[in-house]
Amino acid sequence: MTLDALRSRLRGLADPEDARNLQRFFKTGPGEYGEGDLFLGIRVPVLRRLAKEAAALPLEDAEELLRSPYHEKRLLALLILVRAHAKGDAALRERIHATYLANTRYVNNWDLVDSSAEHLVGAHLRDGDRGLLDRLAASDSVWERRIAVIATFHFIKRGELADTLRIAGLLLSDRHDLVHKAVGWMLREVGKRDREAEEAFLREHCRTMPRTMLRYAVERFPEPLRLAYLRGEPASAPTESA
């Protein structure tokens, strides 16, 4: 499928009413995190099917699509890149990874980050230098900071938890709610694999970490344990055998 054909398909799938709803959902008003973003009104399952059809789209065309002012076009580009990275050889994966890092300003909403970071950063760094995560965590861009922690989901799924805990520590003083939510989510995923590893982090930081981050991290804890951490009283938290 050519880029022109893909654009034509997207125009035909657009739904103005869904577009208005999505603009509200993704906080596109003045001063909101998605300020000025534009929507066509196309649902994610439709975009995933379209990404499969457009799997052979050249990287240069996918990059052009990623730079679109329309949210769904950017998401579609990322879905295409994720598929291509997973199936490509080492040279193609490196080009896709570099393209992604050069265009993070277009990966500018939480769903775009969450659909791509673990695959185009995390998976790419599986056997490489993970110092990139620290550099992203120190970025002025809220989206790059979210990329840094969401990328570690790839390692969590492999039972490798140290990178998540390190990046979570770097982001404890972050001021943005979308980073707090992402870190709390990843800490919760750590806890699914190793409760003690998560609790060790929480015992050290629960009194000072952002409230939203803590709430997300303890969301699935048994209620007495969850409340103990929310009170900042980990020493009073009941044991598993209690």
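Using a 4.0 Å cut-off between a side-chain N of Lys or Arg and a carboxylate O of Asp or Glu, R215 and E219 do not qualify as a salt bridge. A salt bridge is defined here as a Lys NZ or Arg NE, NH1 or NH2 lying under 4.0 Å from an Asp or Glu carboxylate O, and K181 with D114 fails to meet this definition. Between R67 and E64 there is no salt bridge, since no side-chain N of the basic residue sits under 4.0 Å from a carboxylate O of the acidic one. Taking a cutoff of 4.0 Å between a charged side-chain nitrogen and a carboxylate oxygen, R95 and E63 do not qualify as a salt bridge. In this structure, R130 pairs ionically with E160, as a charged nitrogen and a carboxylate oxygen lie closer than 4.0 Å.
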Test W185 against V149 for side-chain contact (heavy atoms from CB on, under 4.5 Å), laying out the working first. CA-CA 10 Å; W185 172 23; V149 67; over 6 Å; no
Could you go through the side-chain contact (heavy atoms from CB on, under 4.5 Å) check for L165 and L187 one step at a time? CA-CA 7 Å; L165 297 173; L187 288 172; 3.8 Å; yes
Decide yes or no on side chain to side chain donor-acceptor pair (under 3.5 Å) for H119 and H85, but give the supporting numbers first. CA-CA 8 Å; H119 309 289; H85 188 277; over 6 Å; no
Could you check N109 against R74 for side-chain contact (heavy atoms from CB on, under 4.5 Å), going step by step and ending with a plain yes or no? CA-CA 10 Å; N109 216 310; R74 300 197 303 279; 5.5 Å; no
Run the numbers on T152 and R166 for side-chain contact (heavy atoms from CB on, under 4.5 Å), then give the verdict. CA-CA 10 Å; T152 70; R166 185 182 76 258; over 6 Å; no
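Judged by distance alone, the side chain of D15 and the main-chain N or O of D18 form a donor-acceptor pair under 3.5 Å. With E72 contributing its side chain and G41 its backbone, the two residues share a donor-acceptor pair below 3.5 Å. Judged purely by atom type and a 3.5 angstrom limit, R226 has no side-chain atom pairing as donor or acceptor with the backbone of F221. Using modelled atom types, one side-chain atom of R207 and one backbone atom of G232 make a donor-acceptor pair closer than 3.5 Å. Between the side chain of R220 and the backbone N or O of R188 there is no donor-acceptor pair closer than 3.5 Å.
Rounding to the nearest 0.5 Å places OG1 of T212 at 4.5 Å from CG of D177. Between atom OG1 of residue T99 and atom CG of residue L120 there is a gap of 10.0 Å, rounded to the nearest 0.5 Å. Summarising the geometry, atom CG belonging to D111 is positioned 6.0 Å from atom CG belonging to L75; distances are rounded to the nearest 0.5 Å. Taking CG of L170 as the reference point, atom CZ of R135 lies at 12.5 Å (rounded to 0.5 Å). Here the NZ-CG distance, from K27 to D37, works out to 14.0 Å after rounding to the nearest 0.5 Å. In this structure, R145 CZ and L136 CG are separated by 11.0 Å, a value rounded to the nearest 0.5 Å.
The environment of NZ in K87 is sparse: at most 12 heavy-atom neighbours from other residues, nucleotides or ligands sit within 6.0 Å. Sparse packing is recorded around CZ of R175, with 12 or fewer heavy atoms of other residues, nucleotides or ligands lying under 6.0 Å away. Within 6.0 Å of atom CZ in R43, 12 or fewer heavy atoms from other residues, nucleotides or ligands are found, so the atom counts as exposed in its surroundings. A 6.0 Å sphere centred on NZ of K52 holds no more than 12 heavy atoms belonging to other residues, nucleotides or ligands. In Y70, the OH atom is not crowded: 12 or fewer heavy atoms of neighbouring residues, nucleotides or ligands sit closer than 6.0 Å. At most 12 non-hydrogen atoms from other residues, nucleotides or ligands lie less than 6.0 angstrom from CZ of R48.
Side-chain contact between W143 and Y33 is present, with at least one heavy-atom pair separated by less than 4.5 Å. Counting heavy atoms from C-beta outward, R203 and Y229 have side chains that approach closer than 4.5 Å. Two residues are said to be in side-chain contact when any heavy atoms from C-beta on lie closer than 4.5 Å; E198 and E189 fail this criterion. Using a 4.5 Å heavy-atom threshold, the side chains of I150 and W110 count as separate. At a threshold of 4.5 Å between non-hydrogen side-chain atoms, the residues R193 and T164 do not count as touching. Using a 4.5 Å heavy-atom threshold, the side chains of L66 and L78 count as touching. With contacts defined as side-chain heavy-atom distances shorter than 4.5 Å, the pair L65/L76 qualifies. Two residues are said to be in side-chain contact when any heavy atoms from C-beta on lie closer than 4.5 Å; M186 and L171 fail this criterion.
Considering every non-hydrogen atom in both L161 and A197, the closest pair reads CD1-CB, 4.4 Å. Heavy-atom minimum distance, V82 versus S115: CG2-O, 3.7 Å. When every heavy atom of K73 is checked against every heavy atom of S68, the shortest pair comes out as CD-OG, 3.3 Å. When every heavy atom of S116 is checked against every heavy atom of Y100, the shortest pair comes out as OG-OH, 2.7 Å. Heavy atoms only, all atoms of each residue included: M1 and L6 are closest at SD-CD1, 3.3 Å. Minimum heavy-atom separation, F201 to A168: CZ-CB, 3.7 Å.
Ring planes of H97 and H124: parallel class, angle under 30° (limits at 30 and 60°).
A cation-pi arrangement, defined by a distance under 6.0 Å to the six-membered ring centre and an angle within 45 degrees of its axis, is absent between R24 and F39.
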